[in-house]
A.B. asks: 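Questions regarding the structure given below will be posed in turn.
Every heavy atom of this structure was used, including side-chain atoms; hydrogens, water molecules and symmetry mates were not.
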Amino acid sequence: MSDEIVYRGKLFQVINRTKENTFLVDGKEITKNLTFELVRRPPGVRALIVQGDKLMLNREYRYELDDWDYRLPGGKVFDKLEQFEKALANDNIESSVDEKLKEELREEADIEVLGYNLFGVSKSGLTVDWTLYYFLVDKFKILPSFYEKDKQKSEYEYIQHVWVNFDDVMDLFLNDKISEDRSAAMILKYILRKK
């Protein structure tokens, strides 16, 4: 596999990738040489914060939706493309993911993580590389700031924390109140495994 970066933005790269794949189809070996354009951005972290039969969600105003949405707490692992490129070169994405999980949950969810496990990893596809790491957080300490009302975390983030029981989470899915579909799939997977 070889990559040629043809564009670098503040957070995204556009890459021409050449890749060879060999696989079996009905016992016959197939080799494909592919060249394609790929958009890559730093990975993100998301947390399934569980307490009994309730999941903590952030009710956020999302400017891209012009509406409120329910989201799993989390964020970007790297705020700048240069940080991401350095981590790629040093092969230390996973340690950065662990560190950012704790930082994001302190900042965005107002909790201190005491125990967590990787729940799943979601990859976007062939031409978009945006990996999301999902963690199950079942040991945590709620910080006093958790209970503050009207939390504007930054210029772009207005967040309210809500504990939602699993049945009500299903209603949020069915009523299109959770728009990040990859996160919705992970939440659904968790709930179905619990039943």
Side-chain angles (χ1 to χ4, degrees), residues 1-25 30-48 57-58 60-101 103-105 107-109 116-136 153-157 159 169 172-173 176-190 192:
M1 178 173 70
S2 66
D3 288 349
E4 175 193 0
I5 298 172
V6 294
Y7 173 79
R8 294 178 78 248
K10 292 181 180 179
L11 197 59
F12 292 85
Q13 297 172 325
V14 178
I15 297 167
N16 282 333
R17 177 171 283 173
T18 303
K19 183 176 183 179
E20 181 180 288
N21 281 86
T22 302
F23 52 95
L24 294 176
V25 175
I30 305 289
T31 299
K32 291 284 183 183
N33 291 301
L34 304 171
T35 299
F36 54 94
E37 187 175 78
L38 166 77
V39 175
R40 178 167 60 191
R41 66 159 285 170
V45 292
R46 303 288 186 269
L48 293 113
L57 295 173
N58 281 343
E60 300 182 24
Y61 188 81
R62 300 298 299 192
Y63 294 95
E64 73 273 17
L65 302 173
D66 293 325
D67 201 359
W68 290 90
D69 193 35
Y70 289 87
R71 298 275 172 128
L72 290 174
K76 297 182 297 290
V77 175
F78 303 98
D79 292 321
K80 295 184 178 174
L81 188 56
E82 294 80 16
Q83 297 166 326
F84 176 48
E85 291 172 336
K86 185 177 178 183
L88 278 172
N90 295 329
D91 197 29
N92 68 345
I93 297 291
E94 274 70 28
S95 65
S96 299
V97 166
D98 285 347
E99 290 170 24
K100 195 63 172 190
L101 172 72
E103 180 183 317
E104 280 290 328
L105 294 187
E107 290 175 9
E108 191 175 286
Y116 65 96
N117 292 302
L118 182 64
F119 181 73
V121 178
S122 174
K123 304 231 179 225
S124 293
L126 180 66
T127 59
V128 176
D129 181 355
W130 179 34
T131 302
L132 292 176
Y133 294 86
Y134 290 86
F135 291 89
L136 175 61
K153 298 288 188 170
S154 73
E155 178 183 0
Y156 300 105
E157 291 184 313
I159 297 173
V169 170
L172 291 174
F173 292 146
D176 297 320
K177 298 296 182 186
I178 298 176
S179 69
E180 192 175 64
D181 291 334
R182 293 198 289 166
S183 292
M186 287 292 182
I187 294 167
L188 185 60
K189 186 184 292 188
Y190 176 77
L192 291 175

A.B. asks: Which heavy atom of M186 sits nearest a heavy atom of L48, and at what distance?
C.D. replies: O-CD2, 4.2 Å

A.B. asks: Once you round to the nearest 0.5 Å, how far does CG of L88 lie from CG of L81?
C.D. replies: 9.0 Å

A.B. asks: Check the surroundings of atom CG in D91: do more than 12 heavy atoms from other residues, nucleotides or ligands lie under 6.0 Å from it?
C.D. replies: no

A.B. asks: Check whether any side-chain heavy atom of F78 sits under 4.5 Å from a side-chain heavy atom of L11, and report yes or no.
C.D. replies: no

A.B. asks: Applying side-chain contact (heavy atoms from CB on, under 4.5 Å) to E99 and V45, what does each step give before you reach the verdict?
C.D. replies: CA-CA 10 Å; E99 290 170 24; V45 292; over 6 Å; no

A.B. asks: Taking all non-hydrogen atoms of both residues, which atom of P42 and which atom of W130 are closest, and how far apart?
C.D. replies: O-CD1, 3.2 Å

A.B. asks: Measuring from atom CG of L57 to atom CG of L72, what distance do you get when rounded to the nearest 0.5 angstrom?
C.D. replies: 6.0 Å

A.B. asks: Hey, what do you get for CZ (F173) to CG (L188), rounding to the nearest 0.5 Å?
C.D. replies: 5.5 Å

A.B. asks: If we only count heavy atoms from C-beta on, is the Y116 to D98 side-chain gap below 4.5 Å?
C.D. replies: yes

A.B. asks: Are any of the side-chain heavy atoms of R40 and E85 separated by less than 4.5 Å?
C.D. replies: no

A.B. asks: Show your working on side-chain contact (heavy atoms from CB on, under 4.5 Å) between L105 and F135 and close with a plain yes or no.
C.D. replies: CA-CA 11 Å; L105 294 187; F135 291 89; over 6 Å; no

A.B. asks: To the closest 0.5 Å, what do you measure between CG (L101) and CZ (R46)?
C.D. replies: 11.0 Å

A.B. asks: Show your reasoning for whether side-chain contact (heavy atoms from CB on, under 4.5 Å) applies to F23 and K32.
C.D. replies: CA-CA 9 Å; F23 52 95; K32 291 284 183 183; 4.1 Å; yes

A.B. asks: If I compare all heavy atoms of P43 with all of I93, which pair ends up nearest, and what's the gap?
C.D. replies: CG-CG2, 4.2 Å

A.B. asks: Answer yes or no: is there a donor N or O on one side and an acceptor on the other, between the side chain of E108 and the main chain of G74, under 3.5 Å?
C.D. replies: yes

A.B. asks: Do R62 and E60 sit within salt-bridge range, that is, some charged N less than 4.0 Å from a carboxylate O?
C.D. replies: yes

A.B. asks: By side-chain contact (heavy atoms from CB on, under 4.5 Å), which residues pair with E94, not counting sequence neighbours?
C.D. replies: Y133

A.B. asks: Begin from the C-alpha positions of I15 and D129 and carry the test side-chain contact (heavy atoms from CB on, under 4.5 Å) through to its verdict.
C.D. replies: CA-CA 10 Å; I15 297 167; D129 181 355; over 6 Å; no

A.B. asks: Is any side-chain heavy atom of T18 less than 4.5 Å from a side-chain heavy atom of S2?
C.D. replies: yes

A.B. asks: Please find the pair of heavy atoms, one from I178 and one from D69, that lie closest to each other, and give the distance.
C.D. replies: CA-OD1, 3.5 Å

A.B. asks: If you draw a 6.0 Å radius around OH in Y7, do more than 12 non-hydrogen atoms from other residues or ligands fall strictly inside?
C.D. replies: no

A.B. asks: Salt bridge check: are D67 and K177 linked by an N-O gap of less than 4.0 Å?
C.D. replies: no

A.B. asks: I want to check something: taking the side chain as every heavy atom from C-beta on, are T127 and R17 in contact at a cut-off of under 4.5 Å?
C.D. replies: no

A.B. asks: Is D66 close to Y61 at the side-chain level, that is, under 4.5 Å between some pair of heavy atoms?
C.D. replies: yes

A.B. asks: Is there a donor-acceptor pair under 3.5 Å between the side chain of R182 and the backbone N or O of S122?
C.D. replies: yes

A.B. asks: So K76 and Q83, do their side chains get closer than 4.5 Å, heavy atoms only?
C.D. replies: no

A.B. asks: Do E103 and E107 have side-chain heavy atoms sitting under 4.5 Å apart?
C.D. replies: yes

A.B. asks: Roughly how far, to the nearest 0.5 Å, is the CG atom of N33 from the OG1 atom of T22?
C.D. replies: 8.0 Å

A.B. asks: Working to the nearest 0.5 angstrom, can you tell me the gap between K19 NZ and L34 CG?
C.D. replies: 8.0 Å

A.B. asks: Specify the closest pair of heavy atoms between R71 and S179, including all atoms of both residues, with the distance to one decimal.
C.D. replies: NH2-OG, 3.3 Å

